[in-house]
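Everything on this sheet refers to the single structure shown next.
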Protein chains: 4
Amino acid sequence: MEINKRPTRLGRPPKHEDRNTRERILDAAIELFARQGIAGTSLRQIAQAVGIKESAIYAHFEGKEALCPAIFARFGPPAAVVDELLASDSSTIARSRPEVVLRDMAQRVIARWNEPQARLFLSLLLREGMGGSEALMRPAKQLVLDLLTPIVRQWMEQGLIRKDFPPELLIWEFLAPLTLIRISYWHAQATEEEVELGYRLAERHIDYFLRIALIDKTSNV
Amino acid sequence: MEINKRPTRLGRPPKHEDRNTRERILDAAIELFARQGIAGTSLRQIAQAVGIKESAIYAHFEGKEALCPAIFARFGPPAAVVDELLASDSSTIARSRPEVVLRDMAQRVIARWNEPQARLFLSLLLREGMGGSEALMRPAKQLVLDLLTPIVRQWMEQGLIRKDFPPELLIWEFLAPLTLIRISYWHAQATEEEVELGYRLAERHIDYFLRIALIDKTSNV
Amino acid sequence: MEINKRPTRLGRPPKHEDRNTRERILDAAIELFARQGIAGTSLRQIAQAVGIKESAIYAHFEGKEALCPAIFARFGPPAAVVDELLASDSSTIARSRPEVVLRDMAQRVIARWNEPQARLFLSLLLREGMGGSEALMRPAKQLVLDLLTPIVRQWMEQGLIRKDFPPELLIWEFLAPLTLIRISYWHAQATEEEVELGYRLAERHIDYFLRIALIDKTSNV
Amino acid sequence: MEINKRPTRLGRPPKHEDRNTRERILDAAIELFARQGIAGTSLRQIAQAVGIKESAIYAHFEGKEALCPAIFARFGPPAAVVDELLASDSSTIARSRPEVVLRDMAQRVIARWNEPQARLFLSLLLREGMGGSEALMRPAKQLVLDLLTPIVRQWMEQGLIRKDFPPELLIWEFLAPLTLIRISYWHAQATEEEVELGYRLAERHIDYFLRIALIDKTSNV
DNA sequence: TATGAATGAGCCTTCATTCAT
DNA sequence: GATGAATGAAGGCTCATTCAT
């Protein structure tokens with residue numbers, strides 16, 4: 001027999017604050033997963049960061065494994081580039097000068113990449129390799145194929161951009177260095193100086209790219 | 001898995017599998033660390049891959065923590081670029097045409113990057129972030145500053161390469177996309193197709209860069 | 001395990017599934033306790049079988065411990081033999097021939113033992129040993145002492161039953177094999193074939209016993 | 001706990017009472033499993049009974065589930081009856097008087113059933129229903145069919161035992177009540193008085209059976 | 001009456017590590 | 001050098017229980 005009889009007072013304590021425990025768990029989880037890896041993070045740590053007991057996590061998630069899909073659903077995928085572009089007015093873009101559009105777009109994308117959650121998600125991806133780099137490149141490919149290509153082609157026809165490379169290649173050469181900078185300097189553990197260095201490198205790359213790609217009408221004969 | 005896979009040398013007396021247990025432990029360790037992370041890999045797994053018991057590892061290493069420095073000492077740092085260049089005859093380089101030198105250098109660096117151990121080491125770096133990207137970029141910086149810069153400057157003075165960008169920038173724009181390709185397609189778990197795609201992208205980038213950077217004497221009027 | 005499975009009564013307004021949640025909890029509990037043991041059954045399983053949440057059980061019972069007494073009160077004790085005999089008309093019994101009475105009694109007792117709930121209760125008793133066999137034998141003892149003994153004694157005086165054994169012993173020798181059959185073949189997890197085999201063995205035993213105990217007047221000289 | 005209690009083997013030096021941790025684990029396991037059920041027993045308890053830590057158990061067994069097969073292999077199946085009979089000289093049996101043989105056999109079987117390990121194993125079987133009663137009856141069936149039947153038949157031909165029942169039935173009627181006594185009074189938790197009561201009931205049954213089955217030559221004529 | 005969220009205890013298991021052999 | 005047995009710590013998860021709603 002001996003059904004567990006306990007004298008101590010168990011169960012839920014009378015009072016507590018709410019504010020969506022589920023999301024607080026995910027916040028703590030992505031932070032710790034990004035910093036220590038999934039295997040290196042215990043539910044105990046996550047619970048402690050949230051201020052609850054581990055067993056309470058099971059009221060919101062099936063288990064440790066179920067946290068990853070939930071993190072993906074909440075913070076990823078990082079389609080920042082695409083989103084940013086979609087947010088812009090497509091007809092306005094085509095009429096603006098390329099250097100304005102590209103600078104503006106890059107600036108906004110970079111701003112997104114540097115949001116805390118985006119940096120955490122990037123680190124998580126790189127660490128756990130959940131098709132990590134695959135996932136990182138997919139948005140860019142989508143962008144090239146579906147969104148930017150026609151615009152760049154239009155610029156080419158307008159004589160604003162050099163025509164001796166296919167639009168896809170130009171876009172890739174514009175984005176790839178920025179992506180490397182992101183990985184190298186804008187991950188979750190990056191120091192202040194690294195972030196700053198990244199900004200400078202990005203700016204330098206954009207300047208370089210524009211001088212390469214643009215056909216400067218004013219200076220031309 | 002197949003940690004022990006090596007070019008099955010037929011007609012050779014076996015039992016020389018001993019080949020220094022210490023090294024076999026490190027081989028198994030880097031493989032598993034790269035695939036599963038350090039925290040996600042147990043000494044039991046490593047021992048099993050080697051074919052010994054966990055406690056035997058302690059005859060060769062202080063403990064789990066001592067494996068990482070040993071792995072670094074054995075497989076890294078991946079100064080592939082620098083090594084490759086150092087391996088070349090410096091005086092010959094300056095006299096060769098840039099497209100030949102750069103193509104040749106890139107080809108050899110890429111070959112190194114695709115050696116199994118280099119791929120494993122890259123994955124380990126990315127996963128554990130041991131100053132991961134830092135470590136990945138350091139060789140390039142070293143290269144730029146100490147080795148390639150004077151050569152490129154010489155090419156500029158010879159009128160072989162455009163002079164409107166500083167040598168460091170040009171070199172960075174040459175290497176950064178290759179590094180991104182490495183991270184994206186040449187990590188340890190990359191599929192055959194990913195590796196192949198990486199090769200194509202790298203080739204395309206090199207072509208692109210040479211057309212950008214070179215001053216084509218033949219076509220010039 | 002589909003404890004709630006019942007012949008889906010088509011064309012009947014549902015929501016009468018309520019049928020006293022308390023009883024449905026007990027139904028599920030005895031089923032699971034018999035199958036898995038008390039310690040091996042969680043309140044969650046019981047609640048799931050009933051279609052409620054675990055915490056709802058506490059609206060009906062003090063806790064897990066309180067389920068056992070409630071199960072006893074509802075399904076046990078299995079005083080089947082006594083009940084059956086009490087249900088018969090005592091004066092009629094004495095006037096009937098022993099073979100008729102005993103066969104009839106055995107048949108009715110066996111029928112009771114094979115009711116689903118009786119089988120579940122038996123399995124629970126055996127599992128948890130709540131004075132298991134004690135409890136199983138007590139009704140028989142009661143029966144012997146209080147009810148059957150005088151009847152058998154009367155039969156002895158009438159020359160219907162052999163007198164060379166005390167009535168208590170005869171009754172015990174009649175019931176013990178049946179009880180063993182019950183335990184072996186009529187527990188909750190018994191297969192169809194086991195149940196059938198039990199029936200055959202029981203019948204064989206009854207025949208055997210009657211030939212042993214009866215004094216056959218017709219064949220006698 | 002008295003886990004180590006066994007019939008002190010006289011005349012043999014104890015050597016080292018260390019006696020293989022593996023076996024001490026099994027001893028503790030069967031004891032606790034029989035008393036509390038498998039689900040109701042924690043590895044902690046077993047380890048504590050042995051005097052080691054729970055994790056040490058995993059050096060000897062795969063896990064909790066692996067203990068049951070090991071217990072079966074060590075303590076079961078309880079083919080006590082068959083073993084006892086096989087231990088006797090078959091030719092001697094046939095020449096002995098039935099009452100001597102049967103009394104002797106029953107006495108030895110009962111002695112076996114009352115060995116501590118046999119009582120523990122019985123309780124475990126009943127509790128966990130591992131084909132519990134099935135397993136309990138199988139030896140008897142085997143006995144009837146293969147060993148005892150020919151002997152009984154021989155006794156019948158010698159006119160020592162009544163011929164109006166098939167040998168199998170007689171044997172079953174001899175063994176079944178003993179088996180019920182075993183289950184009821186000789187399980188692991190039985191009190192001293194219960195055990196004693198069982199002995200008396202068994203003796204009474206044997207006397208009864210012999211008076212039923214034997215053809216008394218002396219009183220005849 | 002029933003649910004959802006929470007708790008503290010405990011369970012099974014794995015881990016890194018030690019040590020005698 | 002290598003193994004088997006052991007340990008203490010920790011990890012993921014379940015459980016009975018509580019309480020506000």
Side-chain angles (χ1 to χ4, degrees), chain A residues 3-18 20-22 25 39-47 50-67, chain B residues 18 20-22 39-47 50-67, chain C residues 18 20-22 39-47 50-67, chain D residues 18 20-22 39-47 50-67:
Chain A
I3 298 168
N4 304 334
K5 187 172 190 170
R6 252 162 289 200
T8 47
R9 200 185 202 299
L10 289 177
R12 180 186 175 148
K15 272 282 178 72
H16 80 288
E17 62 153 304
D18 216 310
N20 215 348
T21 305
R22 200 192 124 98
I25 291 171
T41 301
S42 70
L43 290 188
R44 217 101 78 186
Q45 284 177 293
I46 295 173
V50 175
I52 57 176
K53 300 297 174 194
E54 340 154 47
S55 48
I57 294 179
Y58 290 85
H60 301 277
F61 301 94
E62 293 272 320
K64 196 188 187 187
E65 285 194 12
L67 284 177
Chain B
D18 265 1
N20 216 348
T21 303
R22 200 191 123 96
T41 300
S42 69
L43 290 188
R44 183 129 58 224
Q45 284 177 293
I46 296 172
V50 175
I52 57 177
K53 297 293 178 197
E54 328 148 57
S55 46
I57 294 178
Y58 289 84
H60 301 274
F61 299 94
E62 292 274 320
K64 196 186 186 185
E65 279 188 35
L67 284 177
Chain C
D18 267 358
N20 216 348
T21 303
R22 202 191 120 96
T41 301
S42 68
L43 289 187
R44 181 130 59 226
Q45 284 178 292
I46 295 172
V50 174
I52 57 177
K53 297 292 176 196
E54 326 148 58
S55 45
I57 294 179
Y58 289 82
H60 301 274
F61 300 94
E62 293 274 322
K64 198 186 185 184
E65 259 184 283
L67 283 178
Chain D
D18 244 11
N20 218 348
T21 306
R22 200 191 122 97
T41 301
S42 71
L43 290 188
R44 207 108 73 193
Q45 285 176 293
I46 295 173
V50 175
I52 56 176
K53 300 296 174 196
E54 336 155 48
S55 48
I57 294 178
Y58 289 83
H60 301 276
F61 300 94
E62 294 271 323
K64 197 188 186 184
E65 285 193 13
L67 283 178

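To find a chain, count down the sequence lines: A is the first, B the second, and so on, and within it residues start at 1.
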If I compare all heavy atoms of [X] with all of [Y], which pair ends up nearest, and what's the gap?
X        : Y        : value
Lys64(A) : Thr41(A) : NZ-O, 2.8 Å
Leu43(D) : Ile57(D) : O-CD1, 3.7 Å
Gln45(D) : Gly40(D) : OE1-O, 3.6 Å

- For DNA chain E, just give me the dot-bracket, please: Watson-Crick or G-U, both distances below 3.5 Å, ( ) intra-strand, [ ] crossing earlier pairs, | paired with another strand, . unpaired. .||||||||||||||||||||

- Euclidean distance, Asn20(C) CG relative to His60(C) NE2, rounded to 0.5 Å: 8.0 Å

d([atom1], [X]; [atom2], [N]) in whole Å:
X        : N       : atom1 : atom2 : value
Phe61(A) : dT14(F) : CZ    : P     : 15 Å
Glu65(C) : dT17(F) : CD    : C1'   : 12 Å
Tyr58(D) : dA5(F)  : OH    : C1'   : 16 Å
Arg22(A) : dG4(E)  : CZ    : C1'   : 15 Å
Leu43(D) : dC11(E) : CG    : P     : 9 Å

- Item | Pairwise side-chain contact, Ile25(A) with Leu67(A), heavy-atom cut-off 4.5 Å (strictly under) |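 SC-SC contact between Ile25(A) and Leu67(A) confirmed.
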
- Message: If you assign Gly63(A) and Glu62(C) each to the DNA chain F nucleotide with the nearest heavy atom, which residue ends up on the more 5' nucleotide?
- Response: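 Counting from the 5' end, the first nearest nucleotide belongs to Gly63(A).
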
- Without swapping roles, check the side chain of Lys53(A) against the backbone of Arg44(A) for a donor-acceptor pair under 3.5 Å. no

Give me the distances for all protein-to-nucleotides 6-10 of chain F N/O pairs that come in under 3.5 Å?
unit_1 : atom_1 : unit_2   : atom_2 : d
dA6(F) : OP1    : Thr21(D) : OG1    : 2.8
dA6(F) : OP2    : His60(D) : NE2    : 2.6
dT7(F) : OP2    : Lys53(D) : N      : 3.0
dG8(F) : O6     : Ser55(D) : OG     : 3.0

